[in-house]
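The chain is numbered in sequence order, starting from 1.
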Amino acid sequence: MAVQQFVGQDSVKIECTEALSAEQHDEWVAFLNGAKRQHPRQSLLFANSEQKLGNKVIYALARREGVLVGVGLISLEPHPYLPGAWSRAHCLSGPVCDDATEMVAFLNGLCRQPELSRVGSLTVTPFWTEEEADTLDTALAHAGWRVAEESQFRETGWVDISVTSEEIMAAFSKSARREVRRAERQGVTFQSAQNPEEFRIFLESMNRLRVSRRLPELSLPAYEAMFEDILQQDEIGTAILAWQQETFLAGLLVYRSRDIVHGRHFTTEPDHLRAAGNLRIAPALWLEAMRWAKERGCGILDVEGYREPAPGEKKFNIHKYKSEFNPQVVRRISARERIVNRHVYLTGNIRSLIRGQLKKVKQAVTG
């Protein structure tokens, strides 16, 4: 394990390791559970599914005066040509750190760790929202971190689920409430996937949908590991399946922190829904996820991507159905990136870099 000192406004010590000691494991769990800006994606339970993708996992911890102030579960993607090198490193919805100055010290120190010396770039997506997102955006910009998406902030939608189930549904649109009642009348039932076979039904449906949208398929080994490690326990994550007798209609995968549940994947079987009288299943299925999360103490559902629907927009239909839950638009800081090893970065990401340049040219010509 390498340890390096970085001195900014405060002294922050970085620890990077491929395996946590029992003490570090317990410290991580306790810190994450108590952090204000926690996110479930930084749970240690996600390490195995990242490794099933063929990635290397690094655990990073930041301390100030011996006190743990930040954690980051980092996934390294193998370089396509150079053995022992990694084209990119990602810290999904992290690192988790509740102070902007300590976050910058953590990230800057992390980029100087030996474990990342043969990594092309590090991309981070801390879960900071609204005014706090502005604060972190400014701090990272001053420290030289560049925006890795099309804009500085992502827009998402939050639904208040701290109220009763009746009040949650009452906030839905009139048409959404009607569809919930219609699903009840048609005998639609909901249950969390109980075993790998049921979860495979969800995955196969999800991949059919992604293929139809020209998106890469989800990795079966990675998601099956996620099911075993996380979803089957039905505590910090679940895959809720909608059935009409023996017919699978739709599914929704969510995972949660202490306060917020996040919608991750939503799939439907259009032919089966047409046979059910063109039933719109989204309102009833998402309502079921809200109830699941509320029972576990959450007060907010994050629909993971939302803006007021505008006709003609690429994702109009997605934003339109989410709008029926009456979400509040919330800004979240977008991904930030820093090149760590330029040679590794250029050789390991040449295809994506070329695609990015072509996209810019196309936008300039058409825009």
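Residues Ser93 and Arg332 bring a donor and an acceptor atom of their side chains to less than 3.5 Å of each other. Side chain to side chain, Gln24 and Glu15 meet the donor-acceptor criterion of an N or O pair below 3.5 Å. Counting only N and O atoms by type, the side chains of Trp292 and Asp234 include a donor and acceptor under 3.5 Å apart. The closest side-chain donor-acceptor pair between His319 and Glu308, if any, does not fall under 3.5 angstrom. Looking at Glu324 and Ser175, their side chains do bring a donor and an acceptor atom within 3.5 Å of each other.
Qualifying salt bridge (Lys or Arg N to Asp or Glu O under 4.0 Å) partners for Glu167, counting only residues two or more places apart in sequence or in other chains: none. Applying the side chain to side chain donor-acceptor pair (under 3.5 Å) test to Asn48 and every residue at least two apart in sequence or in another chain returns Asp229. Applying the salt bridge (Lys or Arg N to Asp or Glu O under 4.0 Å) test to Lys315 and every residue at least two apart in sequence or in another chain returns nothing. Remark: Glu198 pairs with no residue by the salt bridge (Lys or Arg N to Asp or Glu O under 4.0 Å) rule, at least two apart or across chains. For Asp259, the salt bridge (Lys or Arg N to Asp or Glu O under 4.0 Å) criterion is met by no residue, not counting sequence neighbours. With sequence neighbours excluded, no residue forms a side chain to side chain donor-acceptor pair (under 3.5 Å) with Asn33. A search for side chain to side chain donor-acceptor pair (under 3.5 Å) contacts involving Arg185 returns nothing, not counting sequence neighbours. Residues passing the ring pair (Phe, Tyr, Trp, His ring centres under 6.0 Å) test with His265 are Tyr223, sequence neighbours excluded. Evaluation of the side chain to side chain donor-acceptor pair (under 3.5 Å) rule for Arg336 yields Asp137, Ser334 as partners, not counting sequence neighbours.
Between atom CG of residue Leu136 and atom CG of residue Asp99 there is a gap of 10.0 Å, rounded to the nearest 0.5 Å. The CD atom of Gln113 lies 4.5 Å from the SG atom of Cys16; values are rounded to the nearest 0.5 Å. Between Trp86 atom CH2 and Ile58 atom CD1 the span is 8.5 Å, to the nearest 0.5 Å.
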I would like to know whether Glu288 and Arg291 meet salt bridge (Lys or Arg N to Asp or Glu O under 4.0 Å); could you show each step before the answer?
CA-CA 5 Å; Glu288 194 68 21; Arg291 290 168 172 164; 3.8 Å; yes

As a quick check of understanding, evaluate ring-ring contact (aromatic ring centres under 6.0 Å, His included) for Phe266 and Tyr321, giving each step before the final call.
CA-CA 12 Å; Phe266 171 61; Tyr321 92 73; 5.5 Å; yes

Step by step, would you call Glu65 with Lys13 a salt bridge (Lys or Arg N to Asp or Glu O under 4.0 Å)?
CA-CA 8 Å; Glu65 298 178 356; Lys13 183 182 295 184; over 6 Å; no

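Taking the six-membered ring where the residue is Trp, Trp243 and Phe248 present perpendicular rings, their angle passing 60° and hence far from 30°.
Using a 4.0 Å cut-off between charged nitrogen and carboxylate oxygen, Glu337 and Arg146 count as a salt-bridge pair. Using a 4.0 Å cut-off between charged nitrogen and carboxylate oxygen, Arg264 and Glu304 do not count as a salt-bridge pair. Remark: Glu132 does not engage Arg331 in a salt bridge, criterion side-chain N to carboxylate O under 4.0 Å. Using a cut-off of 4.0 Å between Lys/Arg side-chain N and Asp/Glu carboxylate O, Lys56 and Glu115 are scored as not salt-bridged. Arg307 and Glu155 are joined by a salt bridge, as a carboxylate oxygen and a charged side-chain nitrogen come within less than 4.0 angstrom of each other. A salt bridge is defined here as a Lys NZ or Arg NE, NH1 or NH2 lying under 4.0 Å from an Asp or Glu carboxylate O, and Asp98 with Arg37 meets this definition.
Contact between Cys97 and Gly70 at its shortest, heavy atoms only, is CB-CA, 4.3 Å. When all heavy atoms of Phe172 and Pro283 are compared, the pair lying nearest together is CE2-O, 3.7 Å.
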Return a table of donor-acceptor pairs under 3.5 angstrom between the side chains of residues 199-208 and protein atoms on other chains or two or more places apart.
residue: Arg200; atom: NE; partner: Glu224; partner atom: OE2; Å: 2.9
residue: Arg200; atom: NH2; partner: Glu224; partner atom: OE2; Å: 2.3
residue: Ser205; atom: OG; partner: Thr267; partner atom: OG1; Å: 2.8
residue: Ser205; atom: OG; partner: Glu269; partner atom: OE2; Å: 2.6
residue: Asn207; atom: OD1; partner: Leu218; partner atom: N; Å: 2.6
residue: Asn207; atom: ND2; partner: Leu218; partner atom: O; Å: 3.4
residue: Arg208; atom: NH2; partner: Glu269; partner atom: OE2; Å: 2.7

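Ile300 belongs to a hydrophobic cluster with Phe127, Trp158, Ile260, Val330, counting contacts under 4.5 Å between side-chain heavy atoms of Ile, Leu, Val, Met, Phe, Trp and Tyr, direct or through other members.
Legend: salt bridge (charged side-chain N to carboxylate O under 4.0 Å, His left out) pairs involving residues 169-179, not counting sequence neighbours, sorted by first then second residue: Glu179-Arg182.
Checking each of Asn349, Val119, Leu76 against Ser87 for a side chain to side chain contact (heavy atoms under 4.5 Å, CB included) leaves exactly one that passes, namely Asn349.
One hydrophobic cluster, built from ILVMFWY side chains closer than 4.5 Å, cannot hold both Trp28 and Val69; they sit in different ones.
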